[in-house]
**Student:** 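Starting off with a structure, shown below.
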Amino acid sequence: MAGWWLFHVDLDQFQVSVERLRRPDLRGRPVVVGGDGDPARARQVVTCASYEARALGVRAGLPMRVAARKAPDAVFLPLDHAGYEAASAQVMDTLRGTGRPLEVWGWDEAFLGVTADDPEPVAAGLQALVRDTTGLPCSIGIGDNKLRAKTATGFGKPAGMYRLTGANWMSIMGDRPVRALWGVGARGAARFAEHGIATVRELAAADPAELVRWWGPTTGPRYRALARGEGETEIRIEPWIARSRSHQRTYEQDLTERGVVERELRVLADQVVTDVVADDRVITRVAVVVRNSSFFTESHLRTLPEPTTSAAVVGEAAVSLLDRFELRRPVRLLGVRVELAPPP
DNA sequence: TCTGGGGTCCTTAGTCGT
DNA sequence: TCTGACGACTAAGGACCC
């Protein structure tokens, strides 16, 4: 009898793969995608590195200049959002076209609900379908819930598949560090270490009351469930409704004059409002983010007197929020974030 | 090595009204 | 009139993810 499976479909080195569709000569070579593609420019980081570049130590998040030092022979390319969006849409349409429920998670990931006795041949068929239709390679994690499927994908990369269920979760994950869990970052792992918890197995066996004391009534139980591999099994096919929208920019040279800061804030406000209006949404709150030259980040938020779609109103609100910041040091980054009213 | 951009969710703390 | 409990809401910051 057929079981219900969650597939996590993840496109491999997504941005690099899309670039290689247009430029087959890039296959087999180290490729680094990020910023405007100029590794000499300061304050840009790598968004996606090909496996050849990763072998040289280049990773997402690495400053482009450092990447250029590690991989001097790599091809550096600028980000092409429109291109990635189009490629992503094609992949998602292909998956949806199989008639199975699809939950899209950003450009390069999605969960698919699959009914099958034997899921691996189905996964192989999907990989072939995506590759033949779009030219893009993907990995598939197979699980009895979303967490296990998502975690399994990592063991299938590149271009492979892996199955993780209640039957093998602890034998595969138990001895790994808690950091291997999806949702446990460096800070979380450090806090667990303070309590003598290093591995997934130790976390799964931890006293639930202790976890609540350390982390609170919501997060404590969530970590425990995470370590045990528990997760959602439903696919939500409704499109995601964004709660907020933002634009932020790190300046190549820190800003030192208030007039310039105000002007840049209005530019960012214009960009955000343009996006929001294009999506037919309405703004209820405005936040400003300032990161200074010491990398200290501060934000302040204001609720508007009434919901708006006016760039002038948002710009004014942003500039007025500036009074709540110290602004004693040069400004490295400015951001404008708006929160949105629920759609009608 | 020196740290982007775009998001979400949670916690904590303060305020307000009943 | 004073006080406390409690929910709703706001604000700031932290952590995490891709």
Side-chain angles (χ1 to χ4, degrees), chain A residues 8 10-15 32-39 41-49 56-71 78-79 81 84-85 88 104-110 146-147 150-151 153-154 157 178-192 212 214-223 226 240-252 254 268 271-272 275-276 279 284-304 321 324-325 332-340:
Chain A
H8 179 249
D10 195 311
L11 296 162
D12 299 326
Q13 43 176 14
F14 176 56
Q15 286 88 349
V32 177
V33 181
D36 66 0
D38 180 358
R41 283 268 294 276
R43 298 182 171 178
Q44 304 199 85
V45 299
V46 174
T47 292
C48 182
L56 300 170
V58 179
R59 297 237 144 24
L62 198 69
M64 291 277 273
R65 280 207 289 220
V66 179
R69 203 172 317 137
K70 286 178 181 274
L79 289 165
H81 291 253
Y84 309 141
E85 197 146 357
S88 173
V104 177
W105 275 44
W107 277 347
D108 62 345
E109 297 179 58
K146 284 186 194 167
L147 170 65
K150 164 92 182 164
T151 308
T153 307
K157 281 185 166 293
V178 289
R179 187 71 175 83
L181 292 168
W182 182 48
V184 178
R187 308 304 291 258
R191 268 187 75 182
F192 278 122
V212 168
W214 299 337
W215 292 97
T218 309
T219 308
R222 210 185 52 214
Y223 277 137
L226 199 59
W240 181 252
I241 296 166
R243 276 99 163 133
S244 67
R245 214 53 203 260
S246 67
H247 268 279
Q248 60 181 55
R249 177 170 170 197
T250 298
Y251 299 91
E252 247 186 299
D254 293 344
L268 291 165
Q271 292 170 340
V272 179
D275 290 350
V276 168
D279 282 351
T284 56
R285 308 209 283 178
V286 178
V288 167
V289 183
V290 176
R291 174 130 77 213
N292 69 25
S293 53
S294 314
F295 220 75
F296 177 75
T297 308
E298 194 179 354
S299 69
H300 292 286
L301 174 79
R302 157 170 304 173
T303 301
L304 295 171
L321 278 165
R324 297 204 211 161
F325 295 84
R332 177 193 177 94
L333 168 149
L334 281 178
V336 172
R337 180 169 56 84
V338 297
E339 299 193 358
L340 308 173

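All figures in this text were calculated on a predicted structure; none of them were measured in a lab. Every chain is numbered from 1 and lettered A, B, ... according to where its sequence line falls, protein lines coming before strand lines.
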**Student:** Compare side-chain N and O positions of Thr250(A) against OP1 and OP2 of dG5(B) and report whether any pair is under 4.0 Å apart.
**Tutor:** yes

**Student:** Between Thr297(A) and dG13(C), is there a contact of a side-chain N or O with OP1 or OP2 at under 4.0 Å?
**Tutor:** no

**Student:** Looking at dT10(C), I'd like to know if its phosphate oxygens (OP1 or OP2) sit under 4.0 Å from a side-chain N or O belonging to Arg302(A).
**Tutor:** no

**Student:** Go through dG5(B), dC17(C), dA11(C) for me and flag the one nearest to the Leu333(A) side chain.
**Tutor:** dG5(B)

**Student:** Out of dA15(C), dT10(C), dC10(B), which nucleotide sits closest to the side chain of Arg285(A)?
**Tutor:** dT10(C)

**Student:** Determine the interatomic distance between C1' on dC16(B) and the same-named atom on dG4(C); round to the nearest Å.
**Tutor:** 15 Å

**Student:** Of the listed nucleotides (dC9(B), dA15(C), dG13(C)), which one gets closest to any side-chain atom of Ser299(A)?
**Tutor:** dG13(C)

**Student:** Whole angstrom is fine here: how far is it from CD in Glu298(A) over to C1' in dA12(C)?
**Tutor:** 9 Å

**Student:** For Leu62(A), answer base if it contacts any base atom (sugar-phosphate contacts may also be present), sugar-phosphate if it contacts only those atoms, and nothing otherwise; contact means non-hydrogen atoms under 4.0 Å.
**Tutor:** nothing

**Student:** Can you check whether His300(A) has a side-chain N or O nearer than 4.0 Å to OP1 or OP2 of dA12(C)?
**Tutor:** yes

**Student:** For the P atoms, the ones on dC18(C) and on dC2(B), what distance do you get once it is rounded to whole angstrom?
**Tutor:** 26 Å

**Student:** I want to check one thing: is the phosphate of dG4(B), taken as OP1 and OP2, less than 4.0 Å away from some side-chain N or O of Arg43(A)?
**Tutor:** no

**Student:** Mind calculating the distance between CG (Asp12(A)) and P (dC18(C)) to the nearest angstrom?
**Tutor:** 14 Å

**Student:** What orientation do Trp105(A) and Trp182(A) show, parallel under 30°, tilted 30 to 60°, or perpendicular over 60°?
**Tutor:** tilted

**Student:** Base, sugar-phosphate, or nothing for Arg191(A), non-hydrogen atoms under 4.0 angstrom?
**Tutor:** nothing

**Student:** What's the closest nucleotide to the side chain of Thr47(A) if the choices are dG4(B), dC9(B), dC18(C)?
**Tutor:** dG4(B)

**Student:** Should the ring pair Tyr223(A) and Trp215(A) be called parallel, tilted or perpendicular, given that the plane angle runs from 0 to 90° and is split at 30 and 60?
**Tutor:** perpendicular

**Student:** Taking OP1 and OP2 of dA11(C), is either one under 4.0 Å from a side-chain nitrogen or oxygen of Arg324(A)?
**Tutor:** no

**Student:** Would you kindly compare Arg243(A) and Arg249(A) by the position of their nearest DNA chain B nucleotide and give the one closer to the 5′ end?
**Tutor:** Arg249(A)

**Student:** Indicate, with a heavy-atom threshold strictly under 4.0 Å, whether Ala287(A) touches base, sugar-phosphate, or nothing.
**Tutor:** nothing

**Student:** Nearest of dT1(B), dC17(C), dG7(B) to any side-chain atom of Pro63(A)?
**Tutor:** dT1(B)

**Student:** Write down the distance between CG (Leu226(A)) and P (dC17(C)), rounded to a whole number of angstrom.
**Tutor:** 9 Å

**Student:** Within the structure provided, determine whether Val272(A) and Arg337(A) are in side-chain contact (heavy-atom separation under 4.5 Å).
**Tutor:** no

**Student:** If I take atom CG in residue Leu301(A) and atom P in nucleotide dG13(C), what distance separates them, rounded to the nearest angstrom?
**Tutor:** 11 Å

**Student:** Just N and O in the side chain of His247(A): are any of them under 4.0 Å from OP1 or OP2 of dG6(B)?
**Tutor:** yes

**Student:** Hey, could you give me the CG/OG1 distance between Leu181(A) and Thr151(A), rounded to the nearest 0.5 Å?
**Tutor:** 7.0 Å

**Student:** How would you label the contact of Gly106(A) with the nucleic acid (heavy atoms, under 4.0 Å): base, sugar-phosphate, or nothing?
**Tutor:** nothing

**Student:** Check every strand shown and say whether Thr303(A) touches a base, only sugar-phosphate, or nothing at a heavy-atom separation below 4.0 Å.
**Tutor:** sugar-phosphate

**Student:** State which of dC16(C), dC18(C), dT1(B) makes the closest approach to the side chain of Val66(A).
**Tutor:** dT1(B)

**Student:** Between dG7(B) and Arg245(A), is there an OP1 or OP2 to side-chain N/O distance shorter than 4.0 Å?
**Tutor:** yes

**Student:** Have a look at Ala242(A) and say if it touches a base, only the backbone sugar-phosphate, or nothing, with a 4.0 Å heavy-atom cut-off.
**Tutor:** sugar-phosphate

**Student:** At under 4.0 Å between heavy atoms, what does Arg69(A) touch on the DNA or RNA strands: base, sugar-phosphate, or nothing?
**Tutor:** sugar-phosphate

**Student:** Just call it for Gly335(A): base, sugar-phosphate, or nothing, with non-hydrogen atoms closer than 4.0 Å on any strand.
**Tutor:** nothing

**Student:** Using a 4.0 Å heavy-atom cut-off across all strands, classify Arg59(A) as base, sugar-phosphate, or nothing.
**Tutor:** nothing

**Student:** Using a 4.0 Å heavy-atom cut-off across all strands, classify Trp105(A) as base, sugar-phosphate, or nothing.
**Tutor:** nothing

**Student:** Tell me whether the side-chain N/O atoms of Arg291(A) come closer than 4.0 Å to OP1 or OP2 in dG4(B).
**Tutor:** yes

**Student:** Nearest to the side chain of Lys150(A) - dG6(B), dA11(C), dC18(C)?
**Tutor:** dC18(C)

**Student:** Return whichever of Gly61(A) or Ser246(A) has its heavy-atom-nearest nucleotide of DNA chain B closer to the 5' end.
**Tutor:** Gly61(A)

**Student:** According to a strict under-4.0 Å criterion, is Trp215(A) in side-chain N/O contact with OP1 or OP2 of dC10(B)?
**Tutor:** no

**Student:** Look at the side chain of Gln44(A) and the backbone N and O of Asp38(A), then say whether any donor-acceptor pair between them is shorter than 3.5 Å.
**Tutor:** yes

**Student:** Does NZ or CZ of Arg249(A) lie under 6.0 Å from the centre of the six-membered ring of Tyr251(A), at an angle within 45° of the ring axis?
**Tutor:** no

**Student:** Using only atom types and a distance under 3.5 Å, with no angle test, would you say the side chain of Ser88(A) pairs donor to acceptor with the backbone of Tyr84(A)?
**Tutor:** no

**Student:** OP1 or OP2 of dT11(B) versus the side-chain N and O atoms of Thr219(A): is any pair under 4.0 Å?
**Tutor:** yes

**Student:** May I ask you to say whether Lys150(A) pairs ionically with Glu109(A), meaning some side-chain N is under 4.0 Å from a carboxylate O?
**Tutor:** yes

**Student:** CE/Met64(A) to CZ/Arg43(A) distance, rounded to the nearest 0.5 angstrom?
**Tutor:** 15.5 Å

**Student:** Looking at dC10(B), I'd like to know if its phosphate oxygens (OP1 or OP2) sit under 4.0 Å from a side-chain N or O belonging to Thr218(A).
**Tutor:** no

**Student:** Report the distance from atom CZ of Arg187(A) to atom C1' of dC17(C), rounded to the nearest whole Å.
**Tutor:** 16 Å

**Student:** Would you indicate what Val46(A) reaches in the nucleic acid, counting non-hydrogen atoms under 4.0 angstrom: base, sugar-phosphate, or nothing?
**Tutor:** nothing

**Student:** Given atom CG of Asp254(A) and atom P of dT3(B), what is their separation to the nearest angstrom?
**Tutor:** 10 Å

**Student:** Within the stacking criterion (centroid distance below 5.5 Å, interplanar angle below 30°), does Trp182(A) stack on dC17(C)?
**Tutor:** no

**Student:** Which nucleotide sits closest to the side chain of Glu109(A): dT3(B), dC18(C), dA12(C)?
**Tutor:** dC18(C)

**Student:** Report yes if at least one side-chain N or O of Trp107(A) is closer than 4.0 Å to OP1 or OP2 of dG6(B); otherwise report no.
**Tutor:** no

**Student:** Quantified in whole Å, what is the C1' atom distance between nucleotide dC16(C) and nucleotide dG4(B)?
**Tutor:** 16 Å

**Student:** Would you indicate what Gly216(A) reaches in the nucleic acid, counting non-hydrogen atoms under 4.0 angstrom: base, sugar-phosphate, or nothing?
**Tutor:** nothing

